[in-house]
Amino acid sequence: MTQGIPLNFFLIISTLMFFIGIFGFLTRRNLITMLMSIELILNAVNINFVVFNKYLYPQQLHGLFFSLIIIAVAAAEAAVAIAIIINIYRNFKSIDVDNVDEMKY
Amino acid sequence: MVFNDFLTMRHELILVCMILLVLIIDLCVSKANKTVMIPVAISLFLIHTIIGFLPAQSGVLFGGAYHSEPLTVLMKNILNIGVVIVLLQSAAWLQKEENREKISEFFMIMWATLTGMYFMISSGDFLMLYLGLELATIPMATLAAYVHHQTKSAEAGVKFILSSALSSGILLFGLSMIYGTCGSMYFDTIQTAYGNAPLQVLAFLFFFSGMAFKISLVPFHLWTADVYEGAPVNVTSYFSVISKGASAFILIIVLYTVFHSIAYLWKDVLYIISIITMVVGNLFALRQQNLKRFLAFSSIAQAGFLLLGLLGANEVGMTATIYFVLVYIFSNLGAFGVVSAIHAKTGKENISDYNGLYKTNPLLSLLMMLSMFSLAGIPPVAGFFGKFFLFTSAASAGYYWLVFIAVLNATISLYYYLMVVKAMFINKNDNPIPYFKSDAYTRVGLICAALGIFVIGFWSQIYEIITSLAFGVIK
Amino acid sequence: MFYFLAAMVIVFSILTVTSRKVLRAATYLLFVLIATAAIYFLLEYTFLAAVQLTVYAGGIVVLIIFSILLTSRLSEKAPVASVRQQILSALAAGAGAVLTLLTILKYGFPQESVASEPTSAVQIGNALTSYNRDGFALAFEVISVLLLAAMIGAIVVARREKLKEEESNKEL
Amino acid sequence: MNILTLFVVIPVLTVIAILFSKDMKQTRLISAIGMGIQLILAGILVYSYLGMRKAGITDEFLFYFDALWFKTLNIHYTIGVDGISVAMIALTSIVVFAGVFASWTVETLHKEFFISLIVLASGVFGFFISLDLFTMFLFYEIAVIPMYLLIGIWGSGPKEYSAMKLTLMLMAGSALLFVAILGIYFYSAPAGGQLTFNLLEIAKNKIPIEMQRFLFPFAFIGFGILGALFPFHTWSPDGHASAPTAVSMLHAGVLMKLGGYGAFRVALYLLPEAAHEQAWIFLILTGISVVYGAFGAIAQKDLKYINAYSSVSHCGLVLFALLMLNQAAMNGAIIQMISHGLMTALFFALIGMIYGRTHTRIVSEMGGLMKIMPFLGVCWVIAGMASLGLPGLSGFVAEMTIFIGSFQHTDTFHRFMTILATTSIVVTAVYILRVVGALLLGPVKNDHFLELEDAKWYERLSTVTLILSIAAIGIAPLWLSDMIGFSLAPMVDKINSVTASIAGIF
């Protein structure tokens with residue numbers, strides 16, 4: 001179904017997505033939105049792996065499995081992060097980074 | 001799979017079994033006497049450590065995804081020894097009222113992260129490396145957030161998990177490019193296929209940035225101080241000692257084998273990063289009042305020194321780095337042991353609280369002084385030997401100016417280490433921390449650290465053993 | 001089809017990180033993930049697409065939305081960084097993106113996909129349980145340990161202590 | 001066990017014994033016994049060394065002992081002594097012995113005091129016996145670090161500042177040194193050979209000249225900082241002034257000698273070509289040290305500062321003489337090390353004793369002490385005479401030899417530097433005599449001084465030991481200079497064997 005679409009197009013999308021995620025992580029001041037930026041980053045990585053697998057090395061499944069595993073790990077990561085975030089909310093009544101910044105350099 | 005394969009993987013398998021064992025025993029113990037879990041868990045881990053030292057054959061399993069060699073076994077054993085001391089030093093804190101309910105969880109989570117580190121060390125492909133890394137970091141965040149009525153602790157947890165997630169993202173982006181250019185995730189394939197195309201260089205940089213987060217090299221260190229200060233003392237010592245040691249080990253393996261072909265590149269990168277890391281770590285450490293923050297920045301500076309060993313890019317460098325990690329484990333655990341013993345009794349953790357400590361608690365102060373000297377690299381304690389060999393390996397590659405900068409930085413670091421010594425020995429204090437007697441676990445933990453600080457340096461046999469193993473790995 | 005999905009991914013990604021309302025951002029993220037799943041379909045990785053939809057879109061996003069509902073007042077706008085920091089971050093990210101893209105385009109990957117059979121679920125299952133080369137049994141096992149540890153950890157973090165509850169009860 | 005190893009083992013045993021001592025009396029008794037044994041041992045060493053030489057043994061280093069330590073890096077525990085080290089060991093044991101008695105009355109944290117003092121001493125002994133650069137460096141740092149605690153805890157005045165300054169500057173010195181040692185190590189063997197830290201092995205091999213040029217400044221400044229090389233001498237006055245008596249004695253008397261000794265053994269001996277090339281730069285610097293130190297001493301009012309600056313001057317003279325690179329001057333340099341070590345230790349001991357009575361160190365506040373405490377007064381005069389180079393005392397021998405040596409250079413530059421340095425003798429005479437006059441003669445400025453007592457027995461023991469040694473060198477300098485000269489000759493030959501190939505700048 002993807003005949004005629006060059007590999008580079010996928011890579012452009014994923015790269016853009018990756019850096020949008022980085023941008024989001026740097027500018028967002030809310031813990032949950034920071035987490036969402038990270039999900040964007042991981043998603044970009046997934047696209048990379050899958051596309052490489054499909055276009056360049058279809059005889060084995062490394063890219064595919066790597067994506068699967070990243071998804072699983074991301075789920076665990078998100079679960080733990082959200083558990084802590086909720087815990088913070090109970091303590092601070094807020095989850096904005098500026099409020100969380102109790103410690104200073 | 002045959003029985004022998006299980007033996008090859010015994011470190012990981014036994015530890016996972018022990019996690020489950022603790023889980024089961026915990027179910028049988030009534031809520032009132034959860035503290036029983038402490039001796040149970042510590043003795044279990046002690047057994048595990050001893051088993052780790054039994055000879056085992058090396059081998060490659062899972063088609064190359066897992067490999068075990070004398071060197072990896074040694075690395076795991078070094079980590080094990082460190083963990084034993086950490087556990088001993090944590091006992092007093094775990095016995096506190098507010099932590100009693102989740103003692104077993106503490107052990108289980110810590111061991112899970114340790115399993116992750118084992119897998120990192122033994123990984124033969126990037127998939128396992130990544131998984132080990134995540135296994136070593138995700139549960140760790142919950143350890144940082146362990147004390148949840150303290151806001152600092154929760155903050156440490158969330159900062160840790162967010163920054164580590166970001167770093168894994170960056171690392172993975174690099175890995176995806178490596179996959180795209182090499183077509184495999186196995187180290188052995190990549191090693192032969194890796195060239196110096198710009199994309200591969202870029203991929204390496206992404207990968208290295210991700211790793212740099214984990215070892216908290218400047219400029220990827222921003223999370224370190226907050227996490228170290230916020231997390232409970234014992235968790236901090238686990239972070240700064242064990243997890244950093246493991247990351248250093250894996251960096252050795254990856255740089256020396258997988259990225260061997262672009263050594264010229266990563267040497268340049270390490271050269272710059274190590275200077276920045278030493279300088280920034282030192283400059284920030286100078287200004288700290290909180291001992292945990294202080295040790296955090298000092299450990300950043302130590303990570304900068306560590307890179308010098310890697311720069312050697314030869315057997316000497318490998319040996320020196322592993323040896324330095326071993327020394328660093330003991331010296332830092334000595335320091336953290338004292339901090340944690342005092343914190344458990346009095347809740348104090350500022351440098352100024354330590355004023356006049358020598359008058360009331362001479363032994364603790366002495367151990368602290370030795371650890372500080374060891375971290376600063378002063379003879380006759382082990383730190384001197386660690387630093388000497390580390391710098392020797394950098395010099396062996398001809399980096400004399402770098403060595404000079406590093407030794408000057410070591411001198412600067414001596415300044416702030418001496419400030420701690422000064423607080424304990426010279427400063428006067430009207431109400432110093434009163435004399436107290438630590439419990440048996442803590443004392444054993446402290447004695448172990450002190451012995452290590454003294455023995456490792458003089459006993460050249462340890463160095464020779466590491467050398468003999470390191471020589472086997474370089475291809 | 002692909003171009004539509006591509007545009008969708010990019011646009012919604014940008015919206016995710018710029019939207020001031022958290023819940024809306026989460027919804028945009030959901031769209032991004034669904035579009036990505038569609039791309040996997042295009043690439044004939046149906047299993048992965050399914051996992052993406054269930055675990056990622058279904059699991060993680062739902063988790064995120066729940067936590068948003070639990071922690072923030074919906075009408076409130078999420079705070080953002082100062083304009084200066086935004087510009088700096090945008091410059092940094094933009095520069096990184098341009099650099100990376102240039103390097104990728106320069107590398108010269110082969111442009112055409114190799115004709116291949118779609119991967120079947122059986123293949124994936126075989127690979128998952130194989131402990132030879134190109135098998136992923138070990139990874140599978142380690143993932144389970146990871147999930148176990150994460151679960152224990154999440155429980156430790158989320159569980160309230162009795163002590164504290166009693167105190168807060170007293171206060172009430 | 002090798003007699004040299006005992007020099008490190010006995011201090012360690014003493015430290016352990018002190019740990020178990022019960023009160024101050026026991027502590028100081030143990031220290032005195034330990035260091036007494038050390039002194040006797042040094043006597044035996046000198047005797048048997050001379051005996052062996054007389055018996056015709058011509059090895060460069062006697063009591064040679066070698067044990068492999070770290071195999072891969074070829075680090076050994078190598079010890080051995082030649083005449084120079086024997087002399088330095090004898091000096092150290094005398095000064096440490098006197099130092100223990102000079103600090104007889106330390107009360108606060110006495111255990112810790114004596115432990116630090118003896119650890120320092122063991123570092124110094126270890127340094128002088130090692131022939132392996134690694135152990136040398138190790139002992140060097142062991143000797144420096146206890147200084148921090150000694151000054152920081154038991155010092156006076158701005159002690160924390162001085163202690164920190166001293167430690168950091170000396171450690172910065174060791175940083176330079178470290179680079180030099182590593183550089184020497186990696187060029188210590190011809191291509192393919194086993195790299196070594198062993199001084200004797202390295203000396204057999206020629207280090208490439210480019211490398212020497214790079215390493216020599218590191219090595220020389222590294223040791224030079226300890227030897228009060230201008231402009232790196234600033235730790236010395238502050239450190240000496242703040243340190244407690246015994247520590248000043250040890251530091252000025254012995255520790256600063258590590259600088260001269262090391263500069264000779266490592267920088268000059270192992271990097272001779274570069275030494276010839278670059279000597280002129282450091283000659284200028286050391287020349288400044290000599291003169292600046294002397295003038296600095298004139299300007300000071302505090303007894304300790306006066307003596308500290310005079311140490312800068314005298315230690316500068318040691319380095320100055322070494323850089324003359326000929327037998328006579330070097331011989332003088334080493335005698336000067338011994339002589340200065342003894343007399344500066346005596347000075348600091350006396351200052352400590354006087355300060356302990358008058359509670360002031362400002363010259364203008366004292367006077368007429370000769371009448372009140374004749375013993376100390378006489379000792380002071382003797383020390384002063386030695387310092388300004390009166391014939392019959394050690395200072396004269398040393399300075400004469402040095403200037404004879406340096407006049408052997410006939411070019412203008414060396415002549416000029418020598419004359420510059422000799423002016424320091426005059427200046428030294430000025431400040432020494434001025435202090436003697438103000439301190440000992442004239443009216444008593446403060447009535448309460450009249451009630452002060454003269455020296456106690458332990459103080460007498462301390463000073464008499466030092467004075468006897470000074471007089472011994474002054475009266476019979478020949479045996480010392482023979483002992484040194486025998487060992488020095490081959491080394492100087494080696495250093496000078498390269499002159500032909502190098503066109504010096506002057």
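Just so it is clear: chains get the letters A, B, ... in the order the sequence lines come, proteins before strands, and each one is counted from 1. The shown structure was predicted, so the numbers you read here are calculated from the model rather than taken from an experiment.
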- All heavy atoms of C:Y56 vs all of A:E39, minimum pair found to be OH-OE1, 2.8 Å
- Smallest separation among heavy atoms of C:Y40 and A:V50, with atom names: CE2-CG2, 3.9 Å
- Message: For a quick test of reading the model, state the closest non-hydrogen atom pair linking A:I69 to C:A139 and the distance between them.
- Response: CD1-CB, 3.7 Å
- Query: Which heavy-atom pair separates A:M17 from C:T36 by the least distance, and what is that distance?
  - Reply: CE-OG1, 4.4 Å
- Task: Would you indicate whether the side-chain heavy atoms of A:N30 and C:V22 approach each other to under 4.5 Å?
- Result: yes
- Heavy-atom side-chain proximity of A:V80 to C:V157 below 4.5 angstrom: no
- Query: In terms of ring plane angle, is the pair A:F9 and C:Y3 parallel, tilted or perpendicular, where the classes change at 30° and 60°?
  - Reply: perpendicular
- Task: Test A:I71 against C:I60 for side-chain contact (heavy atoms from CB on, under 4.5 Å), laying out the working first.
- Result: CA-CA 10 Å; A:I71 292 176; C:I60 298 180; 5.6 Å; no
- Measure across A:I13 and C:A6 and return the closest heavy-atom pair with its distance rounded to 0.1 Å. CD1-CB, 3.1 Å
- Message: Contact between C:T100 and A:F19 at the side-chain level, heavy atoms closer than 4.5 Å - yes or no?
- Response: yes
- Heavy-atom closest pair, residues A:A75 and C:V55: CB-CG1, 4.0 Å
- Would you mind checking which part of A:F23 comes under 4.5 Å of any heavy atom in chain C, side chain (CB onward), backbone (N, CA, C, O), both or neither? both
- Would you call C:V61 and A:M36 a side-chain contact if the rule is heavy atoms closer than 4.5 Å? no
